[in-house]
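Below is one structure, written out as structure tokens; the observations come after it.
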Amino acid sequence: MNQKPESGHPEQGASRDREIVDARVIVTCPGRNFVTLKIETRSGVYGLGDATLNGRELAVAAYLQEHVVPNLIGRDAGRIEDTWQFLYRGAYWRRGPVTMTAIAAVDVALWDILGKMAGLPLYRLLGGRSREGALVYGHANGSDIGEASEAVGRFIEQGFRAVRAQCGVPGVKKAYGISSGRAYEPAESELPVETVWSTPKYLETAPKLFERLRADHGNDVELLHDVHHRLTPIEAARLARDLEPHRLFWLEDATPAENQKSFELIRKHSVTPLAVGEVFNSIWDCKHLIEQQLIDYIRTTIVHGGGITHVRRLADFAALHQVRTGFHGATDLSPVCMGAALHFDTWVPNFGIQEYMFHSDETDAVFPHDYVLRDGRLYCGESPGHGVDIDEALAAKFPYAPKQLPVARLEDGTMWDW
Ligand code: EZ4
Ligand code: CO
């Protein structure tokens, strides 16, 4: 594991500079929990990787601390591919959200170090710029259709070209995606909040929301919607068909995708573009979906998909089937993930869109970064690496606070998908 160069090898000096001498897991809660891995080299250059898995933060922290960090000390930080293979192929228990988030943290930190040592922004290491900025979509929501439409209007006024819209469902307490004032943060309490779900009521409301949005805001703005895994395949097919006249950019997570073939049913009935994959962790979770062209956008992003090394393979595979990227970008993904994702978005040829919710001021202060939002697009910076840092002294002032995501039950009490 400690590949020591032969004495007299020309790389010896450089390789000694790249030796990993420290790796630390930093858990902080500036408004919400984040887990960050900081890897330091003998030369003093360090890299950061996001390791946040919403509601399961300490599982990843322990995986890193107990099982990964001891393997990192003494390794060459420049051997990114070999380290990835060591952590994935070398682990008998592979894949799964905890493992793949831990691997992602190491991988992104090593790419960050490579960029800093080369003096190059990450997108240039990947192959250079394919576009000036990454089209993003914001999150508009309201307790009813009227409020949701006003919220969409506010996003358009701010310069957003694409907006995700969610609204309350009459008769449903706490529908997915509806905030009470502040930015939407679903992980609210130490034990899961129990929400109630009614598919018939939702299927009544959702098409009316988009009919109203097109009437109020016209056809120029791109509109998106997240079903959040609540429908069966045939119900999802009906919703996709009912939404067709309103020309969505995408319909997200229309049905759970453990059974990838279930999307064949939706495709048979509708040309509404489909997005899937924020809960996926590897290429194997979407192989059939992509090969059979059952989806249009793949949402698996860097932090939960094994880092840049694996998501790059996934994006290349998707490109062969004309599937484009649409990375998850909710606030539970830290600015470190967002920074890395934006460099990736700047390079990846088959880019579609990037999700973006504003982080709190406290989060932005803990994670200083150089990406900026302008006219509905996010632009990565030019500083070496991914351009996101951590203020450790400030992070220490926000101790971890246990919080879990809600659960959903049908009106008769049956457990459902949240
Ligand atoms: O519920 O990130 O598209 N965005 C989403 C998010 C997810 C949260 C879960 O941690 O579905 O709001
Ligand atoms: Co989603």
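Numbering starts at 1 and runs along the sequence shown. Every number for a ligand or one of its atoms is a count from 1 in the order of the listing.
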Can you list every pair that meets ring pair (Phe, Tyr, Trp, His ring centres under 6.0 Å) and has a residue in residues 334-357, with sequence neighbours left out? Y123-H343, F327-F344, F344-W347, Y356-F358
Per side-chain contact (heavy atoms from CB on, under 4.5 Å), C286 is matched among L314, V276, V323, L294 by L314
What I want to check is whether the side chains of T414 and W416 have a donor and an acceptor closer together than 3.5 Å. no
Kindly say whether S149 contributes a backbone atom to a donor-acceptor pair with the side chain of D216 at under 3.5 angstrom? no
Side-chain donor/acceptor of R312 to backbone N/O of V348, under 3.5 Å: no
Tell me if the centroids of the rings in W111 and H386 come within less than 6.0 Å of each other. no
Taking the six-membered ring for Trp, are H369 and Y371 ring centroids under 6.0 Å apart? yes
Closer than 2.8 Å to the Co ion (ligand 2), how many protein N/O/S atoms do you count? 3
Pair E264, H288 - check side chain to side chain donor-acceptor pair (under 3.5 Å), show working. CA-CA 10 Å; E264 291 173 17; H288 181 78; 2.9 Å; yes
Acceptor/donor pairs from residues 156-165 side chains to any protein atom, 3.5 angstrom cut, sequence neighbours excluded:
residue : atom : partner : partner atom : Å
R161    : NE   : D375    : O            : 2.7
R161    : NH2  : D375    : O            : 3.2
R164    : NE   : Q166    : OE1          : 3.4
R164    : NH1  : Y176    : OH           : 2.9
R164    : NH1  : D226    : OD2          : 3.1
R164    : NH2  : H139    : ND1          : 3.3
R164    : NH2  : Y176    : OH           : 3.3

Check ligand 1 for N or O atoms under 3.5 Å from a protein N or O and list each pair with its distance.
residue  : atom   : partner : partner atom : Å
ligand 1 : 1 (O)  : H228    : NE2          : 2.7
ligand 1 : 2 (O)  : H328    : NE2          : 3.0
ligand 1 : 2 (O)  : D332    : OD1          : 2.8
ligand 1 : 2 (O)  : D332    : OD2          : 3.1
ligand 1 : 3 (O)  : R164    : NH1          : 3.4
ligand 1 : 3 (O)  : D226    : OD2          : 3.1
ligand 1 : 3 (O)  : E252    : OE2          : 3.0
ligand 1 : 3 (O)  : E278    : OE1          : 2.9
ligand 1 : 3 (O)  : R299    : NH2          : 3.1
ligand 1 : 3 (O)  : E355    : OE2          : 3.2
ligand 1 : 4 (N)  : E278    : OE1          : 3.2
ligand 1 : 4 (N)  : E355    : OE2          : 3.2
ligand 1 : 10 (O) : N54     : ND2          : 2.9
ligand 1 : 10 (O) : D332    : OD2          : 2.9
ligand 1 : 11 (O) : Y176    : OH           : 3.0
ligand 1 : 11 (O) : D226    : OD2          : 3.0
ligand 1 : 11 (O) : H228    : NE2          : 3.0
ligand 1 : 11 (O) : E278    : OE1          : 3.1
ligand 1 : 11 (O) : E278    : OE2          : 2.7
ligand 1 : 12 (O) : Y176    : OH           : 2.8

